[in-house]
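Please see the structure below; I have some questions.
Just so you know, these numbers come straight off a predicted model, no measurement behind them.
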Amino acid sequence: MGASKIIPLDEAIRQLTTDGMSLALGTALEGMIPFAAGHEIIRQGKKDLTLIGPISDILFDQLIGAGSVARVIAAWVGNVTSGAGYNFRRAVEQGHPRSIEVLDHSNYSLALALAAGAAGTEFAVTRSLFGSDISLNQDIFRELICPFTGERHLAVRALRPDLTILHVQRCDSRGNAHFWGSSGVSLDAAAAADRVLLTTEEIVPTEFIRSDPSRTLIPEFLVSAVALVPWGAHPSSVYGFYGHDDDYYIEYAQATKDRTAAHAWYQEWVFGLPDRAAYLQHLDAARLARLRLTHPALTIPVDFGY
Amino acid sequence: MGASKIIPLDEAIRQLTTDGMSLALGTALEGMIPFAAGHEIIRQGKKDLTLIGPISDILFDQLIGAGSVARVIAAWVGNVTSGAGYNFRRAVEQGHPRSIEVLDHSNYSLALALAAGAAGTEFAVTRSLFGSDISLNQDIFRELICPFTGERHLAVRALRPDLTILHVQRCDSRGNAHFWGSSGVSLDAAAAADRVLLTTEEIVPTEFIRSDPSRTLIPEFLVSAVALVPWGAHPSSVYGFYGHDDDYYIEYAQATKDRTAAHAWYQEWVFGLPDRAAYLQHLDAARLARLRLTHPALTIPVDFGY
Amino acid sequence: MNASVSEANVVLDYTPQELMVAAAAREIADGELVFVGMRLPLLAFLLAKRSHAPSALGLFENGVIRDTAAPRAFMTMGDPVNLTYALKCTEMKEIMAYLQRGRVNLGFVGGAEIDRFGNLNTSMIGRPGEDGFVRLPGSGGGSDIACLAQRLLIIMAHQKRRFKEKVSYITSPGYGDGGSWRTGAGLIRGGPKAVITTMGILRFDPETREAYLDSIHPGVTADEVKANTGWDLKVSTDVSVTRAPTEAELAVIREYDPQGHWTGWRKR
Amino acid sequence: MNASVSEANVVLDYTPQELMVAAAAREIADGELVFVGMRLPLLAFLLAKRSHAPSALGLFENGVIRDTAAPRAFMTMGDPVNLTYALKCTEMKEIMAYLQRGRVNLGFVGGAEIDRFGNLNTSMIGRPGEDGFVRLPGSGGGSDIACLAQRLLIIMAHQKRRFKEKVSYITSPGYGDGGSWRTGAGLIRGGPKAVITTMGILRFDPETREAYLDSIHPGVTADEVKANTGWDLKVSTDVSVTRAPTEAELAVIREYDPQGHWTGWRKR
């Protein structure tokens with residue numbers, strides 16, 4: 001069987017990320033966002049990244065505020081709980097800490113761009129976005145006439161991220177990952193990418209994955225590395241593991257409203273904490289306990305036998 | 001909550017099928033094929049149907065041999081266990097019992113045609129089939145240049161069946177269906193269709209469906225009617241319920257090699273049996289017992305709680 | 001809570017947001033498929049289900065389909081509780097395909113700016129380099145819903161700086177510059193049905209597609225609405241007063257917004 | 001079974017199909033992603049996994065991804081046992097997307113007819129109305145695999161009526177009329193690597209893309225192969241003898257084909 005791909009998170013980021021690369025993150029939308037991986041990218045001082053995601057939430061805002069980002073390809077950048085992403089606004093409006101380019105998508109067009117990347121075509125087609133100023137960006141969208149019916153469609157240019165980082169509930173050492181709950185554009189983002197890094201709540205034997213093959217989202221051949229990072233998606237949720245830390249989002253919004261405060265936030269939550277273990281300690285155990293799920297709703301087994 | 005859509009199978013076929021309509025069947029490939037529904041269509045003497053499916057297996061062969069079919073849109077028509085479909089061959093080669101038109105797809109192009117139908121676009125794009133004589137059918141395939149890169153792609157015309165019939169493991173009275181195992185093109189075939197008929201091994205309360213929302217393949221708003229038909233996919237398999245009756249396929253091949261024998265087969269297995277209950281009795285209990293699964297492989301529950 | 005809800009025939013103590021939720025709920029018919037989103041639209045959907053539309057289904061763009069309210073209130077659609085006892089959890093692509101295929105009856109969107117033809121801006125105020133340039137979060141699924149849902153409901157605070165003669169950027173198209181603009185632009189269906197604001201409800205002329213004031217919330221005058229609108233807002237000749245939320249409606253709304261995060265009812 | 005398997009250095013008692021399986025297995029490298037299909041290719045995949053390619057993964061077009069042999073033999077990929085302990089069960093569209101994206105190293109197909117450039121026909125012999133017209137089942141996933149896999153392996157019975165100067169219909173494109181035809185036709189990769197027949201193994205000239213006889217199975221002569229080929233088959237100057245299956249290989253093949261349905265070993 002295939003060799004283990006398990007490495008520590010800092011090592012994974014060192015091996016798999018390079019300045020200037022394109023990176024898909026936050027592909028399940030509000031849940032399952034790989035915050036731990038994002039913070040490690042900031043700590044390692046990566047530069048000139050292109051970030052790709054549908055509604056990328058405050059992880060994009062954090063990477064942008066750290067000066068790691070040159071370009072964002074997204075449908076929405078902000079704070080899902082409170083609204084605006086202040087680092088994002090400062091970068092676009094004032095060029096602080098650096099100016100960034102924004103390529104605006106809608107959620108569907110971004111999903112289609114990744115689906116085309118995953119399927120190995122150069123574009124996908126949609127009937128959305130006509131009449132929207134979004135569709136005027138000819139680098140991403142071009143009108144196309146259906147060769148059968150003559151109806152107008154919009155071609156969406158395919159996206160192939162250099163790296164997609166997904167946080168999952170559990171996977172084996174080769175990268176076969178179970179994922180349950182709504183997955184957004186996660187599978188297409190992984191299948192479109194040249195490489196995939198999984199961060200995971202749990203590592204399980206392959207037998208465990210095989211016990212429910214319909215629960216598998218990511219097959220091993222897409223995956224370059226696996227990092228075990230419990231609570232790796234905090235403050236976003238992990239279905240079956242912990243809830244969405246709404247308070248953290250609100251506190252983050254307040255803490256990043258102005259430049260100086262934002263600087264302190266990075267010192268406290270990213271640069272001042274060497275790794276996820278330190279982060280969790282700083283977050284404190286009581287807070288984690290409050291986020292743990294308290295009302296189980298277990299699925300009923302089905303039979304994959306013969 | 002929505003009203004119950006449960007009706008008897010014969011009533012469902014009367015209400016939902018009309019002469020000349022297009023009908024997607026056998027969309028999970030070799031398993032989960034709605035044979036009971038197909039036999040009822042034959043018994044009700046429906047005519048001029050267009051059949052749509054990837055590798056449609058002997059249910060297509062049976063409908064063709066009964067003279068119900070004017071046109072087949074498929075990637076493969078035959079007998080998955082033994083090879084040729086003799087009724088199909090006679091119809092195409094000799095016009096017996098009537099001539100049929102065949103629109104040849106590959107599995108992928110048929111999947112894409114249904115995916116486009118499901119997504120409400122008039123076509124999908126692929127890089128498959130270039131250089132194949134299949135691609136020469138301009139009614140289905142037209143070359144298209146990527147407006148971004150200039151690369152050649154093939155446009156595949158969307159398919160929207162009038163009716164898709166799916167056999168599922170279990171659903172509620174409104175048509176929310178759990179389906180586990182490989183699903184082929186089933187979801188896209190349902191979402192592309194104007195109407196959907198579910199035949200099902202079991203009807204369960206909606207609470208049961210909600211207990212595992214990632215197991216749901218078909219949501220109720222796609223579904224027009226639900227018919228409870230245990231063993232409704234025999235001789236094909238139903239994952240979690242019964243195996244593939246390989247012997248039946250081989251016997252069917254022998255029984256339909258020539259016209260006269262084929263006529264006897266229809267008398268014995270379709271016209272001579274008023275409904276699925278009679279079919280199962282004729283099949284005999286010992287045979288059913290042999291097909292029941294004997295080696296369970298139950299999934300491990302996951303938590304959808306909060 | 002009872003103390004703040006007065007008797008029938010007496011003006012109830014409610015917030016503008018609660019009235020907007022009740023008005024939005026009335027736009028949902030039974031059995032419809034609704035692109036729900038978060039905040040006020042979610043509350044409107046839940047209220048409709050508890051009253052006249054028990055069979056309505058809700059879609060969330062992260063991939064959730066629900067036929068029941070979640071077991072408790074939540075702040076984002078990615079909260080685990082939004083998955084608990086859902087009908088289906090899937091990919092975004094599938095949800096959006098239903099929308100594009102025309103299966104979604106109704107979608108809700110908000111906006112930072114709107115014009116007289118219902119065009120919405122959630123992308124940027126002004127242009128880079130201009131004075132007062134503000135970058136907003138962007139479309140999310142808003143533009144897709146505005147393009148592809150059978151009907152669109154817009155929910156916005158009614159302020160002159162938001163209701164503008166011309167929006168800076170069309171994120172989510174309404175009726176363009178009016179008339180049959182949508183068809184000409186390539187859109188295959190849809191368009192705004194109503195704009196539910198903090199002051200009234202705007203609807204669109206079926207010919208010109210220009211918004212007009214159709215009803216005014218209790219205690220507001222047409223002149224006040226016009227004064228808070230950045231264009232010369234037409235007023236219906238039979239403009240009505242928006243029905244206030246009933247006591248029963250308020251009870252449901254407050255059950256689903258217990259802290260008043262979205263409707264502000266605890267601070268009224 | 002032992003009785004029928006002779007000692008090392010002695011000619012083993014095997015069927016041509018068993019030799020084909022063993023030869024096909026050797027084309028699979030460790031760690032590769034293989035579009036498996038049924039019958040002889042499935043046996044080849046399982047044999048490769050048990051010998052030199054333990055990390056190879058198998059894809060089935062109904063939506064199954066496996067890293068282990070199923071718990072028992074099966075006749076169709078839709079048998080429940082093919083799902084038991086699979087790595088993933090999904091839709092066909094996902095499997096085909098991996099293929100089109102270029103992630104599948106190797107695919108297998110068979111055919112009713114083949115020509116000197118590896119073009120395959122599984123659709124029809126002759127044309128409707130012609131004498132001897134035979135309608136075949138069609139492409140299935142064959143054409144997609146032939147177009148999109150990195151490498152294609154063809155497995156066929158070697159008969160003159162199948163190895164033709166020109167096939168009636170190109171279902172699964174090989175090298176067209178040779179040279180750089182694939183690129184010109186719009187194909188983005190791939191092409192046949194070998195044709196494993198009941199008599200020998202054909203490979204393709206890297207320039208002209210015409211098939212030549214590269215190895216001959218034990219007990220067969222080049223003249224016999226040429227006599228069973230419908231065109232003037234070129235023979236390699238250093239044509240070799242195909243390696244016969246080993247005793248260990250035969251044991252594995254027979255374990256996965258216990259009735260000899262596909263290899264006919266019980267009837268040999």
Next item on the list: Please lay out, stage by stage, how B:V204 and B:I209 fare under the test side chain to side chain contact (heavy atoms under 4.5 Å, CB included).
Entry: CA-CA 8 Å; B:V204 296; B:I209 301 295; 3.8 Å; yes

Checklist line | Residue, of A:V302, A:L144, A:I300, that accumulates the most heavy atom pairs under 4.5 Å with chain B | finding: A:V302

Notebook entry, point to check: Using non-hydrogen atoms only, which part of B:L298 is less than 4.5 Å away from chain A: side chain, backbone, both, or neither?
Noted result: both

May I have a table of the donor-acceptor pairs connecting chain A and chain B at distances under 3.5 Å?
from	atom 1	to	atom 2	distance (Å)
A:E122	N	B:H153	NE2	3.0
A:E122	OE1	B:T149	OG1	3.4
A:E122	OE2	B:R127	NH1	3.1
A:R127	NH1	B:E122	OE2	3.1
A:R142	NH1	B:P147	O	2.8
A:P147	O	B:R142	NH1	2.7
A:T149	OG1	B:E122	OE1	3.4
A:H153	NE2	B:E122	N	3.1
A:W180	NE1	B:D303	O	3.0
A:G181	N	B:S214	OG	3.2
A:D212	OD1	B:R215	NH1	3.0
A:D212	OD2	B:R215	NH2	3.0
A:S214	OG	B:G181	N	3.2
A:R215	NH1	B:D212	OD1	3.0
A:R215	NH2	B:D212	OD2	3.0
A:T294	N	B:Y306	O	2.8
A:H295	N	B:Y306	O	2.7
A:H295	O	B:Y306	N	3.0
A:A297	N	B:D303	OD1	2.8
A:A297	O	B:F304	N	2.8
A:T299	N	B:V302	O	2.9
A:T299	OG1	B:V302	N	3.0
A:V302	N	B:T299	OG1	3.0
A:V302	O	B:T299	N	2.9
A:D303	O	B:W180	NE1	2.9
A:D303	OD1	B:A297	N	2.8
A:F304	N	B:A297	O	2.8
A:Y306	N	B:H295	O	3.0
A:Y306	O	B:T294	N	2.8
A:Y306	O	B:H295	N	2.7

Check: Would you say B:L110 and B:L112 make side-chain contact, with heavy atoms under 4.5 Å?
Finding: no

Check: So, do B:L51 and B:I73 sit near enough that their side-chain heavy atoms are less than 4.5 Å apart?
Finding: no

Next item on the list: Heavy-atom pairs under 4.5 Å with chain B are the metric here; pick the option from A:C146, A:A158, A:A124 that has the most.
Entry: A:C146

Check: Under 4.5 Å between any side-chain heavy atoms of B:I203 and B:V226, yes or no?
Finding: yes

Check: Do the side chains of B:F141 and B:L129 get nearer than 4.5 Å, heavy atoms only?
Finding: yes

Note to self: Less than 4.5 Å apart, side chain to side chain, heavy atoms only: is that true for A:L154 and A:V125?
What the structure shows: no

Notebook entry, point to check: Heavy atoms, side chains only, cut-off 4.5 Å: are A:L187 and A:I218 in contact?
Noted result: yes

Notebook entry, point to check: Quick one: what part of B:P213 sits under 4.5 Å from any heavy atom of chain A, side chain, backbone, both or neither?
Noted result: neither

Notebook entry, point to check: When heavy-atom pairs shorter than 4.5 Å are enumerated against chain B, which of A:G240, A:A116, A:G243 gives the highest number?
Noted result: A:G240

Note to self: With chain A as the partner, which of B:F148, B:F241, B:F123 has the greatest number of non-hydrogen pairs under 4.5 Å?
What the structure shows: B:F148

Margin query: I need the B:I134 CD1 to B:I140 CD1 distance, nearest 0.5 Å.
Written below: 9.5 Å

Check: Do A:L222 and A:P219 come close enough that some side-chain heavy atom pair is under 4.5 Å?
Finding: yes

